[in-house]
Number of protein chains: 2
Amino acid sequence: MAGSGKAAHSHDHQHCIREALTSAERVCAERGARLTPLRKRVLELIWDSHEAIKAYELLESLGALGESTKPPTVYRALEFLLEQGLIHRIESENAYVGCRHPEEAHDYQLLICDGCRHVEEVEVPGVGAALKDQASQLGFRVHQKTVEIHGLCAQCVANPR
Amino acid sequence: MAGSGKAAHSHDHQHCIREALTSAERVCAERGARLTPLRKRVLELIWDSHEAIKAYELLESLGALGESTKPPTVYRALEFLLEQGLIHRIESENAYVGCRHPEEAHDYQLLICDGCRHVEEVEVPGVGAALKDQASQLGFRVHQKTVEIHGLCAQCVANPR
DNA sequence: CGGGGTGTGTTACATTGTAACGAAATACGG
DNA sequence: CCGTATTTCGTTACAATGTAACACACCCCG
């Protein structure tokens, strides 16, 4: 059923979900942040796959679960999850994906497959530092870095539609 | 008048504009692409500053010039300019900015000031290649790279509001 | 001058995101 | 435990961003 055989990018996804939720609980507990049932449900829905998911898709899923179905509900939960570093926003897609390393701040880059929407979070050594250094040289104070690589993942290169 | 003394990031901006337009003409001529009056006007409006400008701001400016004022007009012009590499889209802002090197494809990163909206296009050596290499190692075929750094430019760090 | 392709005008709508306000739930000092 | 402050949530209404579809104008070419 959920998250098992789906062919591409196979792995024990139940494990991913469990780990993500456990991590989230711990991180929030440590910080005194409240991972309410609603926020947790949204986080679960995002972690339902490793694919980019949109706010209104989340909204629809919540609706199917009999929840309130108004945009602010979802956007507020997303805002919280972003603040806590539990998810990433994909700017070039207006979409969201679970963060692999929510325990601490980190540089990251996203490989986004335009074929299957799979998103891989990587940290290419040196990239974050190089950007920071260049900015510093120009007197620019960095607050946030967005690095998004679009293309086709190995699966979709091998197996085009 | 237009683009002269504005204090921050001072430079001969008239020169920027002339150069951008000349470049655009040449590039389009070489490729047989049609830089129509409408498209050129939109490009001029974008180059009116080095700041990120939004589609609906362009729309409003066009309206003030007595042009047609419907969204598709602007979005189609933007699409053309993006295809020709004459402008960049800033994904994290839903905004647009003139490209500094429209003559040829190139890696680039954008430093976006959240204080004054100024956008600086840079090419940090190695960053584009490092991202490409990492992707290749994962079997990922890159189509497009988006690198956007938000923060405060030197002017705004020195002179906060 | 007629036909095909490209560009533009226009209508209508889809998608994405937010402000504002009140009600409910939770935290917190006494 | 109670009353109050704060946070979270529900709801309405709307703002901002972007697109599909079709009609018309223009231009090149034969």
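In what follows, chains carry the letters A, B, and so on, assigned in the order in which the sequence lines appear, proteins first and then strands, with residues in each chain numbered from 1.
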Residues in side-chain hydrogen bond (donor to acceptor under 3.5 Å, both in side chains) contact with [X], at least two apart in sequence or another chain:
X         : result
Arg76(B)  : none
Arg89(A)  : Glu91(A), Asn94(A), Tyr96(A)
Asp133(B) : none
Glu120(B) : His118(B)

Correct closest heavy-atom pair for Val119(B) and Ala52(B) would be CG2-N, 3.8 Å
Shortest non-hydrogen separation from Phe140(B) to Cys153(A) and the atoms involved: CD1-CA, 3.6 Å
Answer with yes or no whether the hydrophobic clustering places Leu138(B) together with Val147(A); edges join I, L, V, M, F, W, Y residues whose side-chain heavy atoms lie under 4.5 Å apart. yes
Aromatic ring centroids of His11(B) and His13(B) under 6.0 Å?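 Yes, close enough.
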Taking the six-membered ring for Trp, is the centroid-to-centroid distance between His143(A) and His150(B) below 6.0 Å?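 So the answer is no for these two rings.
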If we count only N and O atoms by modelled type, under 3.5 Å, do the side chains of Glu121(B) and His88(B) hold a donor and an acceptor together? yes
Test Glu25(B) against every option in Arg31(B), Arg18(B), Lys40(B) by the salt bridge (Lys or Arg N to Asp or Glu O under 4.0 Å) rule and name the one that passes. Lys40(B)
Can you sort out the partners of Val127(B) under side-chain contact (heavy atoms from CB on, under 4.5 Å), two or more places apart, ordered by chain and number? Val127(A), Ala130(A), Leu131(A), Gln109(B), Val124(B), Leu131(B)
Please list, by residue number, the residues of residues 143-150 of chain B whose heavy atoms come closer than 4.0 Å to an atom of DNA chain D; answer none if no residue qualifies. none
Could you identify which residues cluster with Leu152(A), counting Ile, Leu, Val, Met, Phe, Trp and Tyr as linked when any side-chain heavy atoms lie under 4.5 Å apart, either directly or through a chain of such contacts?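 For the cluster that includes Leu152(A), the remaining residues are Val157(A).
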Check nucleotides 26-28 of chain C against the protein and report each pair of N or O atoms closer than 3.5 Å, with its distance, or say if there are none.
none

5' to 3' contact window, DNA chain D with chain A (heavy-atom distance under 4.0 Å):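 The footprint of chain A covers dT7(D) to dT12(D).
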With the sugar-phosphate defined as primed atoms, P, OP1 and OP2, and the base as all remaining atoms, what B/S/- string results for nucleotides 8-23 of chain C, 5' to 3', for protein heavy atoms under 4.0 Å? BBBB----BBBBB---
Show me the side-chain donor-acceptor pairs of residues 57-64 of chain A shorter than 3.5 Å, one per line, residues at least two apart or across chains.
from: Glu57(A); atom 1: OE1; to: Lys54(A); atom 2: N; distance (Å): 3.0
from: Glu57(A); atom 1: OE2; to: Arg117(A); atom 2: NH1; distance (Å): 3.3
from: Ser61(A); atom 1: OG; to: Glu57(A); atom 2: O; distance (Å): 3.1

Between His106(A) and Tyr108(A), how do the two ring planes meet: parallel, tilted or perpendicular, split at 30° and 60°?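 Geometry flag for Tyr108(A) against His106(A): tilted rings.
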Kindly calculate the angle separating the two end axes of the helix from dC1(C)-dG30(D) to dG30(C)-dC1(D), each obtained from five base pairs, and round it to 10 degrees.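 Here the helix ends are tilted 30° relative to one another.
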